> 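Please read through the structure below; I'll follow up with questions.
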There are 2 protein chains.
Amino acid sequence: MPDRADSDISALLANGSLRLTRPRRLIWRHLAAAGAHASAEGIYQALRRGRAPLGRATVFRTLKLFARLGIAASTDAAAPRRRFEAAAGKAHHDHMTCLGCGTVVEFTSLAIERLQEAEARRRGFQIVGHSLEVTGYCPRCVAARGRRRP
Amino acid sequence: MPDRADSDISALLANGSLRLTRPRRLIWRHLAAAGAHASAEGIYQALRRGRAPLGRATVFRTLKLFARLGIAASTDAAAPRRRFEAAAGKAHHDHMTCLGCGTVVEFTSLAIERLQEAEARRRGFQIVGHSLEVTGYCPRCVAARGRRRP
DNA sequence: TTGAATGCAAAAGATTTGCACCGTC
DNA sequence: GACGGTGCAAATCTTTTGCATTCAA
């Protein structure tokens with residue numbers, strides 16, 4: 001399993017002027033093993049006491065890098081602050097955020113909304129609101145990436 | 001329009017020992033008008049120069065209150081910090097977060113995933129990852145609320 | 001070798017809290 | 001009039017940045 005994980009990351013890093021360092025390897029493995037619940041602080045705490053003490057700043061920088069490379073995704077990629085919405089009624093829109101240029105495209109899907117409701121109902125969960133953030137690359141950045149690395 | 005908004009909020013606040021104050025009314029209206037893009041800081045900046053100067057702390061406290069009451073929802077309700085996940089392959093799970101007790105229920109929906117992809121494809125958007133956070137009340141808290149406030 | 005990456009500590013940004021005063025019920 | 005809410009400022013928590021040092025390529 002370290003094998004595949006390493007090849008994943010090294011293949012991506014090797015494509016630029018980026019370097020495959022020990023902290024990056026450690027953080028990547030941790031991320032791959034941790035599922036969706038990894039926070040910068042959590043990773044830092046988990047790794048600092050190992051035999052490879054590493055800095056908090058490195059964890060933040062590395063996670064951000066991974067997100068930019070597209071090998072990791074973060075909750076709420078676009079917003080530095082928390083956002084709120086009135087939950088009473090009102091049609092709601094979801095977001096696609098470009099990891100390359102930061103563009104946010106809004107969209108709505110009644111079908112997705114209905115499926116959410118179905119999932120919630122199945123669990124006796126009463127929905128108040130939801131936030132769907134799709135991260136990826138917009139057409140322009142997809143093209144740019146294709147050109148940059150053939 | 002102020003009518004309906006006010007009745008929404010006063011009905012909810014009246015249910016406890018909570019009071020309907022000017023800042024709360026203002027924040028609620030702003031929230032209702034702003035769609036999903038309202039941040040605490042944004043609301044503060046928008047309202048501070050009106051004829052009802054209000055404190056930053058009040059905005060934060062009020063938004064938190066609204067979320068607890070279920071009349072507003074926030075992105076990433078559960079997590080104070082940003083969370084990351086490895087995006088390479090790996091089935092991904094979504095979250096339902098209870099505004100009452102903080103419980104997080106994970107779920108996956110292939111159908112929702114497919115719809116996201118369809119929406120993305122339609123826009124030439126290349127998906128890297130996504131984060132779907134449904135907020136609401138779990139069965140236990142729904143029951144508790146029915147009985148009266150938690 | 002050499003520029004990229006790291007670690008530390010300081011800075012910046014976001015949110016919470018303590019406390020005296022104010023306003024709704 | 002009582003008690004919850006507000007505002008301010010200080011405290012806390014999260015994330016970013018400057019800079020000298022270290023290290024992968």
Side-chain angles (χ1 to χ4, degrees), chain A residues 6 9-28 30-31 37-69 71-72 74-84 102, chain B residues 6 9-28 30 37-69 71-72 74-84 102 149:
Chain A
D6 281 1
I9 186 181
S10 65
L12 278 153
L13 291 174
N15 256 351
S17 54
L18 300 168
R19 291 174 185 176
L20 179 50
T21 62
R22 186 139 98 139
R24 287 182 180 172
R25 200 161 21 217
L26 288 170
I27 292 169
W28 175 251
H30 194 90
L31 207 54
H37 296 301
S39 66
E41 183 65 18
I43 293 175
Y44 171 64
Q45 292 300 339
L47 295 179
R48 66 184 306 199
R49 32 183 48 196
R51 70 178 48 239
L54 80 187
R56 206 182 250 101
T58 300
V59 177
F60 278 101
R61 274 191 287 237
T62 302
L63 288 172
K64 208 172 182 180
L65 171 70
F66 286 175
R68 201 149 32 78
L69 289 174
I71 62 178
S74 77
T75 55
D76 218 351
R81 356 180 179 336
R82 202 171 290 175
R83 295 194 314 269
F84 293 81
Chain B
D6 281 1
I9 185 181
S10 64
L12 278 153
L13 291 175
N15 256 352
S17 54
L18 300 168
R19 292 175 184 174
L20 179 49
T21 63
R22 187 138 98 136
R24 286 182 181 171
R25 201 162 18 217
L26 288 171
I27 293 169
W28 175 251
H30 194 89
H37 295 301
S39 65
E41 182 65 17
I43 292 175
Y44 171 63
Q45 291 300 339
L47 295 180
R48 66 183 306 200
R49 31 182 49 195
R51 67 180 49 240
L54 79 187
R56 207 182 248 101
T58 300
V59 177
F60 277 102
R61 275 190 287 236
T62 302
L63 288 172
K64 208 173 183 180
L65 170 70
F66 286 174
R68 198 148 35 76
L69 289 174
I71 62 178
S74 77
T75 54
D76 219 350
R81 356 183 185 319
R82 203 171 288 176
R83 297 194 313 269
F84 293 81
R149 45 167 292 139

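Since the structure is predicted, the reported quantities are computational estimates derived from the model, not experimental observations. Just so it is clear: chains get the letters A, B, ... in the order the sequence lines come, proteins before strands, and each one is counted from 1.
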> What are the atom names and distances for every N/O pair under 3.5 Å that joins the protein to nucleotides 18-23 of chain D?
{"unit_1": "D/dG18", "atom_1": "O6", "unit_2": "A/Arg61", "atom_2": "NH1", "d": "3.4"}

> Please check the phosphate of C/dA5 (OP1 and OP2 only) for any side-chain N or O of A/Arg24 closer than 4.0 Å.
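It does, given that an N or O in the side chain of A/Arg24 lies less than 4.0 Å from OP1 or OP2 of C/dA5.
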> Between C/dT6, D/dT6, C/dA14, spot the one nearest the side chain of B/Phe60, thanks.
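Closest nucleotide among those given: C/dA14.
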> Just the rounded figure in Å: distance from P of C/dT15 to CG of B/Leu65.
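The distance from CG of B/Leu65 to P of C/dT15 comes to 17 Å, rounded to the nearest Å.
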> Rounded to the nearest angstrom, tell me the gap between atom CG in B/Leu26 and atom P in C/dT24.
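To the nearest whole Å, that distance equals 12 Å.
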> Does A/Lys64 have a side-chain nitrogen or oxygen under 4.0 Å from the phosphate oxygens OP1 or OP2 of D/dT15?
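No, because none of the side-chain N or O atoms of A/Lys64 sits under 4.0 Å from OP1 or OP2 of D/dT15.
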> Could you go through the side chain to side chain contact (heavy atoms under 4.5 Å, CB included) check for B/Leu18 and B/Leu69 one step at a time?
CA-CA 11 Å; B/Leu18 300 168; B/Leu69 289 174; 3.9 Å; yes
> How about A/Thr21 and A/Thr58: do any of their side-chain heavy atoms sit closer than 4.5 Å?
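SC-SC contact between A/Thr21 and A/Thr58 ruled out.
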> Both A/Pro23 and B/Arg22 contact DNA chain C. Taking the nearest nucleotide for each, which residue is further toward the 5' end?
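The answer here is A/Pro23.
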> Send over the distance from B/Leu54 CG to D/dC8 P, rounded to a whole Å.
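Interatomic distance, CG of B/Leu54 to P of D/dC8: 9 Å.
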> Could you go through A/Leu54 and A/Thr62, starting from their C-alpha distance and side-chain angles, then the distance that decides it, and tell me whether this counts as side chain to side chain contact (heavy atoms under 4.5 Å, CB included)?
CA-CA 11 Å; A/Leu54 80 187; A/Thr62 302; over 6 Å; no
> With a 3.5 Å distance limit and no angle check, can you tell me whether B/Arg56 reaches the backbone of B/Tyr44 through a side-chain donor-acceptor pair?
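It does not hold such a pair.
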> Rounded to whole angstroms, how far apart are CZ on B/Phe66 and P on D/dG5?
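It is 11 Å, rounded to the nearest whole Å.
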> So how far is it from A/Phe84 CZ to B/Ile43 CD1, rounded to the nearest 0.5 Å?
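Separation between the atoms: 8.0 Å.
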> Does B/Arg82 reach the side chain of A/Leu63, with side-chain heavy atoms less than 4.5 Å apart?
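Not touching, per the 4.5 Å side-chain cut-off.
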> Nearest-Å distance, OH (B/Tyr44) to P (C/dT16)?
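Atom-to-atom, B/Tyr44 to C/dT16, this comes out as 16 Å.
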> B/Leu63 CG to C/dT16 C1': how many Å, rounded?
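Distance, rounded to whole Å: 13 Å.
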> Report yes if the side chains of B/Lys64 and B/Arg68 come closer than 4.5 Å at any heavy-atom pair, otherwise no.
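No, their side chains stay 4.5 Å or more apart.
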> Just how far, in rounded Å, is P of C/dT6 from CG of A/Leu18?
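Taking CG of A/Leu18 and P of C/dT6, I get 10 Å after rounding.
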> In whole angstroms, how far is the P atom of D/dT6 from the CZ atom of B/Arg25?
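B/Arg25 atom CZ is separated from D/dT6 atom P by 11 Å.
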